[in-house]
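Pasting in a structure now, in structure tokens, and then I'll have a few things to ask.
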Amino acid sequence: MEFGTARARATALARDLANTPSGEKDPSWLAAQAERVAGESGLGVRVWGEKELVEEGFGGLLAVGGGSARPPRLIELSYDPGDAGGPPRAMSSWSARASRSTAAACR
């Protein structure tokens, strides 16, 4: 039951994020949402700003983000399952300007 509830909440959150008007959900807004959700869920979060992206060589992300008045962000979420065992699960999402692409992988 707990797993199903968690999946339903995650689905509702994904829909809310997708349905937020593009004029409102710029990279800094999405980073703030990620920080909020991570704090509520016990996840680690790191938001990479322009300076960190330059220092770490994320030229492609900076190039795509350079076409916008709103600077890019890279959101890194981490989870430490401790002694939970079982296979790892991962979901990632990438968004740039008006285009959106999402991919999910579970193994």
Side-chain angles (χ1 to χ4, degrees):
M1 183 68 136
E2 186 178 322
F3 183 70
T5 300
R7 289 185 63 152
R9 287 184 179 156
T11 299
L13 173 63
R15 287 180 181 160
D16 288 345
L17 293 174
N19 290 328
T20 299
S22 295
E24 183 179 334
K25 62 179 173 186
D26 64 8
S28 62
W29 178 89
L30 186 58
Q33 299 304 307
E35 289 171 333
R36 178 185 59 80
V37 170
E40 294 171 357
S41 305
L43 299 173
V45 64
R46 177 180 175 196
V47 176
W48 303 50
E50 282 183 288
K51 180 181 176 193
E52 294 87 3
L53 294 171
V54 169
E55 289 172 355
E56 296 296 326
F58 285 87
L61 183 59
L62 291 163
V64 171
S68 173
R70 301 177 288 188
R73 300 285 187 277
L74 177 66
I75 302 165
E76 178 183 350
L77 295 171
S78 59
Y79 171 67
D80 181 1
D83 294 335
R89 297 171 186 230
M91 174 179 256
S92 65
S93 177
W94 176 78
S95 177
R97 292 178 43 198
S99 64
R100 287 187 294 186
S101 175
T102 57
C106 293
R107 55 181 176 115

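What you see is a predicted model, and the numbers here were worked out from it, not measured in a lab.
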Does Ser41 use its side chain to pair, donor to acceptor, with the backbone of Leu43 at less than 3.5 Å? no
Do side-chain atoms of Glu56 reach the backbone of Leu53 as a donor and acceptor pair under 3.5 angstrom? no
Return the minimal non-hydrogen interatomic distance between Ile75 and Ala34, and the atom names on each side. CG2-CB, 3.6 Å
Could you verify whether a donor N or O on one side chain and an acceptor N or O on the other, from Trp48 and Glu76, lie under 3.5 Å apart? yes
Can you name the nearest heavy-atom pair linking Ala38 to Leu77, along with the distance? CB-CD2, 4.0 Å
Rounded to the nearest 0.5 Å, how far apart are CD of Glu50 and CG of Leu61? 9.5 Å
Smallest separation among heavy atoms of Pro27 and Arg70, with atom names: CD-CB, 4.1 Å
What I'd like to find out is whether the side chain of Leu74 reaches to under 4.5 Å of the side chain of Val47, using heavy atoms alone. no
If I take atom OG1 from residue Thr11 and atom CG from residue Asp16, how far apart are they, to the nearest 0.5 angstrom? 11.0 Å
Test side-chain contact (heavy atoms from CB on, under 4.5 Å) on Leu30 and Lys25 and set out the steps. CA-CA 6 Å; Leu30 186 58; Lys25 62 179 173 186; 5.7 Å; no
Once rounded to the nearest 0.5 Å, what's the spacing between atom CZ of Arg9 and atom CD of Glu40? 10.0 Å
Do the non-hydrogen side-chain atoms of Arg73 and Ser28 ever get within less than 4.5 Å of each other? yes
Quick check: do Pro72 and Leu62 have side-chain heavy atoms less than 4.5 Å from each other? yes
Does Arg36, at its CZ atom, have more than 12 non-hydrogen atoms belonging to other residues, nucleotides or ligands within less than 6.0 Å? yes
